[in-house]
Amino acid sequence: MRKTLVAVAIIAGAVYGYIKLTGTGTDAVQHQQLDFVPADTAFLSAQLEPVDFVTYLNAFGLSPAYYSDASLQHLSEFAAGTDEPQWRFLLNLAEQYMLALGQPTRLTELTGIKPQVRSISYMVGLAPVMRMELADDAAFWQLFDRAEQTSGISHQALQSDAGAYRSYTFTIAGYSAELLVSVNDGWGNMALLLPSQSEQTRQLVLLAAKPERSINTDNQLAKIATAYTLNPNSIGFISFQQLVRGLTTTDGNRLAIDLQQLAGDEFTAAMQPWRSAECQQDLTSITDSWPGIYLDSSINSKAGQQTHVRSKMLLPTANKDTVKTLSSMRGFVPGHMTKGVSDSVFNFALGLDMAEFAPAVTKIWRGLTQPAYQCPQLAELQQQLQQANPMALLAAGAMVHSVQGMSVTVNDLVLDPGSMQVSAADAMLSVTVKNARSYLDGLKGMVPGMGDITLPADGEELALNSVLPMIEAFGVVPVLQVNDSHLVIYSGKQGQAQAAAVLSQAISKNGLMSFGMDYARFFGIMAESIQAAGQPLPDEFSSLTDMKMQIQVNMDIDQQGVVMNSEMNLGEAK
């Protein structure tokens with residue numbers, strides 16, 4: 001069971017990654033499919049330029065073990081073992097989709113999905129809608145036919161103004177829902193409808209009617225793309241404004257209307273205090289300042305080369321004082337982590353200007369607690385924050401006030417099969433500090449055993465086994481270098497080169513955090529350690545160690561708010 005769940009989770013991640021992290025165009029186009037997306041949707045993921053789905057799946061590099069006969073048989077047996085026909089139906093759909101993902105060249109034959117595909121996901125009130133462009137309508141319907149035959153579930157054939165559609169009714173944990181499946185103008189459409197939702201919602205999710213105001217009529221994507229410098233043809237968002245409006249009003253948007261229809265007495269009573277004029281005013285002010293999360297992406301895939309995926313996630317704020325305060329905390333991140341995907345096994349950096357950290361946190365805390373909200377519930381939260389004054393905790397950071405950042409990079413790691421200790425390593429650790437020598441000399445007197453250590457002069461090296469003999473037991477001799485801005489400890493050729501690069505960099509505020517990983521190599525080392533310890537290797541590890549994927553994620557503050565830029569290399573150059 002565990003293997004199946006992990007397999008489904010990773011495959012779902014791959015599909016979600018495809019929907020969210022692909023794109024090619026940069027010029028805004030008024031796509032007619034967006035005429036059906038309500039302007040008040042709380043969520044949108046729109047891949048509006050065709051992308052080669054087959055190339056993407058091949059590049060993702062998932063191990064064939066996930067699509068093996070044994071894996072599919074396991075899922076099939078699990079489906080057969082349940083007494084619920086509706087679960088068998090859903091699990092069979094998952095099984096068929098896994099089979100198709102394992103044979104990308106047969107994707108259209110098995111699912112009907114177009115190899116060069118566009119896709120859109122969004123919400124109509126509480127109803128999720130997913131649409132994908134098709135190359136073979138009949139193959140798409142056969143996907144559901146096979147699931148019906150296996151499970152015993154049957155559909156109801158219905159008709160709307162947009163054409164024929166199928167309705168599947170499910171009841172899970174006492175809740176009923178209706179899966180609506182249709183094909184319109186070469187697109188396969190799936191929507192989940194609740195019994196409490198209106199006939200108007202049914203018409204909208206079936207594309208039998210258009211909303212009075214849509215993403216297109218409001219020109220939302222072009223406005224968002226321009227405001228936040230995003231790719232309008234591969235874009236998505238989660239709207240805090242629409243979510244809050246849906247939760248705290250009775251008819252402020254379709255989400256609010258649906259929740260009102262679905263909600264029981266307890267929910268209605270709990271939300272009633274938030275619907276006062278004072279709360280509405282305060283919540284509107286908050287969401288005007290923090291409107292939501294916005295994403296875009298692009299993919300570059302060429303024959304014989306790795307597939308390169310870039311994505312951006314932005315949490316913007318209209319409060320320029322908040323942006324300025326957050327920016328003051330930015331610290332130093334080594335250059336090899338800010339230039340895209342590296343070839344290291346693992347790397348992590350935290351860039352924080354500790355001299356500015358306490359003042360910034362204090363200012364943000366005061367901004368949250370003052371001025372007082374008029375909404376009683378928000379005022380109560382403010383009072384709780386006032387009691388949790390961070391100053392005492394921040395005072396403990398006085399010793400590190402000169403620190404600007406730290407990082408660790410593991411380029412290679414070899415474990416002794418017998419002892420499981422490190423027998424060889426190529427790595428680099430850095431700490432960036434203003435006036436590093438003076439700062440470290442001050443620390444030496446406070447740390448037992450360090451008083452007798454003489455820091456090397458600029459350009460000189462200190463083998464740490466000469467001052468810490470116990471290090472020799474590990475078979476690795478790390479080397480220390482210091483200048484007036486950085487302390488670096490390294491071993492191996494790559495580590496030495498990275499350390500030299502860090503030592504040559506002037507301190508600058510260039511980031512908050514960075515993280516990178518080579519999946520195949522990282523999980524390969526983990527697999528070796530598990531096997532060496534005499535433990536059975538989990539089945540899913542064979543897939544993780546074969547996953548040819550490298551990622552680098554950098555978090556920073558730009559002029560609009562908190563931004564996370566990600567890059568990913570998939571597959572191998574041939």
Side-chain angles (χ1 to χ4, degrees), residues 34-45 120-131 158 160-162 165 167-180 189-215 217-218 220 236-293 373-381:
L34 295 178
D35 290 341
F36 296 97
V37 182
D40 64 358
T41 185
F43 163 79
L44 173 68
S45 170
I120 306 173
S121 299
Y122 56 95
M123 301 287 291
V124 179
L126 274 175
V129 180
M130 182 174 180
R131 307 183 60 207
L158 298 171
S160 76
D161 290 344
Y165 70 95
S167 170
Y168 297 92
T169 301
F170 299 95
T171 302
I172 299 175
Y175 291 94
S176 296
E178 191 179 1
L179 175 64
L180 307 180
N189 315 303
M190 293 171 285
L192 200 62
L193 197 68
L194 299 175
S196 59
Q197 291 179 290
S198 67
E199 178 61 26
Q200 182 190 38
T201 300
R202 178 183 294 269
Q203 296 303 310
L204 291 175
V205 301
L206 288 170
L207 314 181
K210 294 180 181 180
E212 316 83 54
R213 290 176 50 219
S214 72
I215 292 290
T217 60
D218 281 20
Q220 281 194 41
F237 63 77
I238 299 171
S239 173
F240 295 163
Q241 293 172 321
Q242 297 297 341
L243 285 173
V244 169
R245 196 171 298 159
L247 288 169
T248 63
T249 69
T250 58
D251 58 2
N253 57 16
R254 286 180 177 81
L255 180 60
I257 294 171
D258 285 350
L259 284 173
Q260 189 71 10
Q261 293 294 324
L262 179 68
D265 293 339
E266 290 185 7
F267 178 83
T268 301
M271 297 310 299
Q272 192 60 41
W274 292 95
R275 293 170 178 167
S276 67
E278 294 81 6
C279 287
Q280 290 299 305
Q281 182 176 346
D282 286 341
L283 288 169
T284 298
S285 176
I286 291 171
T287 56
D288 282 346
S289 181
W290 297 90
I293 297 174
Y373 287 118
Q374 300 304 307
C375 175
Q377 295 75 246
L378 292 175
E380 183 179 350
L381 290 174

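Excluded from the calculations below are hydrogen atoms, water molecules and symmetry mates; all remaining heavy atoms, backbone and side chain alike, are included.
Summarising the geometry, atom CG belonging to Leu259 is positioned 5.0 Å from atom CZ belonging to Phe267; distances are rounded to the nearest 0.5 Å. Taking OG from Ser239 and CZ from Arg245, the interatomic distance works out to 7.0 Å, rounded to the nearest 0.5 Å. The structure places CG of Leu193 at 11.5 Å from OG of Ser176, a figure rounded to the nearest 0.5 Å. Summarising the geometry, atom CG belonging to Leu207 is positioned 5.0 Å from atom CG belonging to Asn189; distances are rounded to the nearest 0.5 Å. With values rounded to the nearest 0.5 angstrom, Thr268 atom OG1 is found 9.5 Å from Leu262 atom CG. Between atom CZ of residue Phe237 and atom CG of residue Leu44 there is a gap of 4.5 Å, rounded to the nearest 0.5 Å.
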(request) Apply side chain to side chain contact (heavy atoms under 4.5 Å, CB included) to the pair Gln272 and Arg275, showing each step before the final yes or no. (result) CA-CA 5 Å; Gln272 192 60 41; Arg275 293 170 178 167; 4.0 Å; yes
(request) Go through Leu158 and Leu180 one step at a time and tell me if the side chain to side chain contact (heavy atoms under 4.5 Å, CB included) criterion holds. (result) CA-CA 10 Å; Leu158 298 171; Leu180 307 180; 5.9 Å; no
(request) For Ile286 and Leu378, run side chain to side chain contact (heavy atoms under 4.5 Å, CB included): C-alpha distance rounded to whole Å, both residues' side-chain angles, the deciding distance at 0.1 Å, then the answer. (result) CA-CA 11 Å; Ile286 291 171; Leu378 292 175; 4.1 Å; yes
(request) Let me see the working for Phe43 and Gln242 under side chain to side chain contact (heavy atoms under 4.5 Å, CB included), right down to the final yes or no. (result) CA-CA 9 Å; Phe43 163 79; Gln242 297 297 341; over 6 Å; no
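In this structure the side chain of Thr201 never reaches within 4.5 angstrom of the side chain of Leu194, judged on heavy atoms. The shortest distance between side-chain heavy atoms of Phe240 and Ile293 falls below 4.5 Å. Taking 4.5 Å as the limit, some side-chain heavy atom of Met271 sits within range of a side-chain heavy atom of Leu247. Considering only heavy atoms from C-beta on, Asp288 comes within 4.5 Å of Gln241 through its side chain. At least one side-chain heavy atom of Cys375 sits less than 4.5 Å from a side-chain heavy atom of Trp274. Glu278 has its side chain out of reach of Gln281: every pair of non-hydrogen atoms, C-beta onward, lies at least 4.5 Å apart.
If you check the side chains of Asp258 and Gln197, you find a donor sitting under 3.5 Å from an acceptor. Side-chain N/O atoms of Glu178 and Ser167 include a donor and acceptor closer than 3.5 Å.
When the ring-ring contact (aromatic ring centres under 6.0 Å, His included) test is applied to Tyr168, the partners found at least two apart in sequence or on another chain are Phe89, His155.
Scanning all heavy atoms of the two residues, the minimum distance from Ala270 to Pro273 falls at O-CD, 3.4 Å. The heavy-atom pair separating Leu204 from Ala209 by the smallest distance is CD2-O, 3.5 Å. Across every non-hydrogen atom of Ser214 and Leu34, the tightest pair is CB-O, 3.7 Å. Contact record, Pro376 with Cys279: CD-SG, 4.1 Å, taken as the closest heavy-atom pair.
Between the side chain of Asn253 and the backbone N or O of Leu255 there is at least one donor-acceptor pair closer than 3.5 Å. Between the side chain of Gln220 and the main chain of Ala39, a donor-acceptor pair closer than 3.5 Å is present. A distance-only check finds no donor-acceptor pair linking the side chain of Thr217 to the backbone of Arg213 [under 3.5 Å]. Between the Thr284 side chain and the Gln280 main chain, a donor and an acceptor come within less than 3.5 Å of each other. With hydrogens and angles disregarded, a donor-acceptor distance shorter than 3.5 Å links the side chain of Thr41 to the backbone of Met123.
Counting heavy atoms of neighbouring residues, nucleotides and ligands inside a 6.0 Å radius, atom CD of Glu199 exceeds 12 of them.
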